[in-house]
Amino acid sequence: MENIITLPRLALSMGILLYLLCIWLGCPQLEDKAYFLAMLVMGVFAIAAHRQAADARFAGLCRLVLLLASGLLLVGVWNMPLALTYECLVVAAWFACMYGAALWPSRACAS
């Protein structure tokens with residue numbers, strides 16, 4: 001059993017914590033928090049599905065969903081009444097989560 005904390009695991013966990021902390025403190029309404037949580041889940045799911053995709057058309061759809069999630073995140077952050085530091089932290093934390101999800105070790109590759 002492996003207990004080593006790797007860079008992707010650290011990036012994913014710290015990115016999620018920072019993302020949720022910034023959203024929780026910055027968004028006054030529950031709908032805003034749910035919107036940004038959905039963008040995080042949509043991005044991580046698109047990356048996880050892309051890693052398992054065997055079909056080129058499905059991989060293209062995953063890339064489109066990831067592009068849509070990043071665009072919706074940027075539009076949402078742009079329209080939020082937050083300080084610039086919070087906005088930059090939210091975007092940086094989201095991309096750290098995507099980096100960690102993309103480089104997470106796959107069980108299928110280890111076998």
Side-chain angles (χ1 to χ4, degrees):
M1 186 164 179
E2 199 175 295
N3 289 332
I4 300 172
I5 297 177
T6 61
L7 184 60
R9 289 180 182 167
L10 184 65
L12 183 64
S13 60
M14 294 305 291
I16 288 173
L17 287 175
L18 182 62
Y19 184 83
L20 292 177
L21 180 70
C22 289
I23 294 303
W24 189 261
L25 295 176
C27 294
Q29 296 178 348
L30 188 59
E31 300 91 34
D32 297 337
K33 293 174 187 170
Y35 173 82
F36 285 105
L37 182 63
M39 292 305 104
L40 178 66
V41 170
M42 193 163 105
V44 171
F45 177 76
I47 288 178
H50 185 270
R51 290 183 62 195
Q52 302 296 325
D55 185 20
R57 290 179 62 193
F58 183 69
L61 181 64
C62 291
R63 286 190 292 268
L64 179 66
V65 168
L66 184 62
L67 183 66
L68 180 68
S70 62
L72 287 172
L73 174 85
L74 293 175
V75 167
V77 167
W78 180 268
N79 291 320
M80 276 179 39
L82 286 178
L84 184 62
T85 54
Y86 270 122
E87 290 178 354
C88 293
L89 277 175
V90 166
V91 173
W94 190 83
F95 280 107
C97 293
M98 298 306 110
Y99 170 77
L103 296 181
W104 188 275
S106 175
R107 300 253 185 240
C109 296
S111 298

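The figures here come from the full heavy-atom set of this structure, side chains too, leaving out hydrogens, waters and symmetry mates. Just so it is clear, the structure is predicted and the values come from calculations on it, not from any experiment.
By the 4.5 Å heavy-atom criterion applied to side chains, Met39 and Tyr19 are counted as neighbours. A 4.5 Å side-chain heavy-atom check between Phe36 and Met80 finds at least one atom pair inside the cut-off. Residues Leu40 and Met98 form a side-chain contact, since some pair of their non-hydrogen atoms from C-beta on lies under 4.5 Å apart.
Cluster membership check: Val91 shares its hydrophobic cluster with Leu25, using side-chain heavy-atom separations under 4.5 Å among Ile, Leu, Val, Met, Phe, Trp and Tyr. Cluster membership for Leu37 and Leu12, using ILVMFWY side-chain heavy atoms within less than 4.5 angstrom, is shared.
We find the CG-SG distance between Leu20 and Cys97 to be 7.5 Å, quoted to the nearest 0.5 Å. Taking CG of Leu103 as the start and CZ of Arg9 as the end, the distance is 12.5 Å to the nearest 0.5 Å. Note: Lys33 NZ to Ile23 CD1 = 9.5 Å, rounded to the nearest 0.5 Å.
Nearest heavy atoms, Phe58 versus Ala49: CE2-O, 3.7 Å. Between Gly15 and Ala96, the shortest heavy-atom contact is CA-CB, 4.3 Å. Heavy-atom minimum distance, Ser13 versus Leu10: OG-O, 3.2 Å. When every heavy atom of Gly43 is checked against every heavy atom of Trp94, the shortest pair comes out as CA-CZ2, 4.2 Å.
Clustering of Ile, Leu, Val, Met, Phe, Trp and Tyr by side-chain heavy atoms under 4.5 Å joins Leu89 with Leu18.
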Only pairs under 3.5 Å count here: list side-chain donor-acceptor contacts from residues 63-79, not counting sequence neighbours, and write none if there are none.
| unit_1 | atom_1 | unit_2 | atom_2 | d |
| --- | --- | --- | --- | --- |
| Arg63 | NH1 | His50 | NE2 | 3.0 |
| Ser70 | OG | Leu66 | O | 3.3 |
| Ser70 | OG | Leu67 | O | 2.9 |
| Asn79 | ND2 | Val75 | O | 3.1 |

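With a 6.0 Å radius and a threshold of 12 heavy atoms from other residues, nucleotides or ligands, Phe45 has its CZ atom at or below the threshold.
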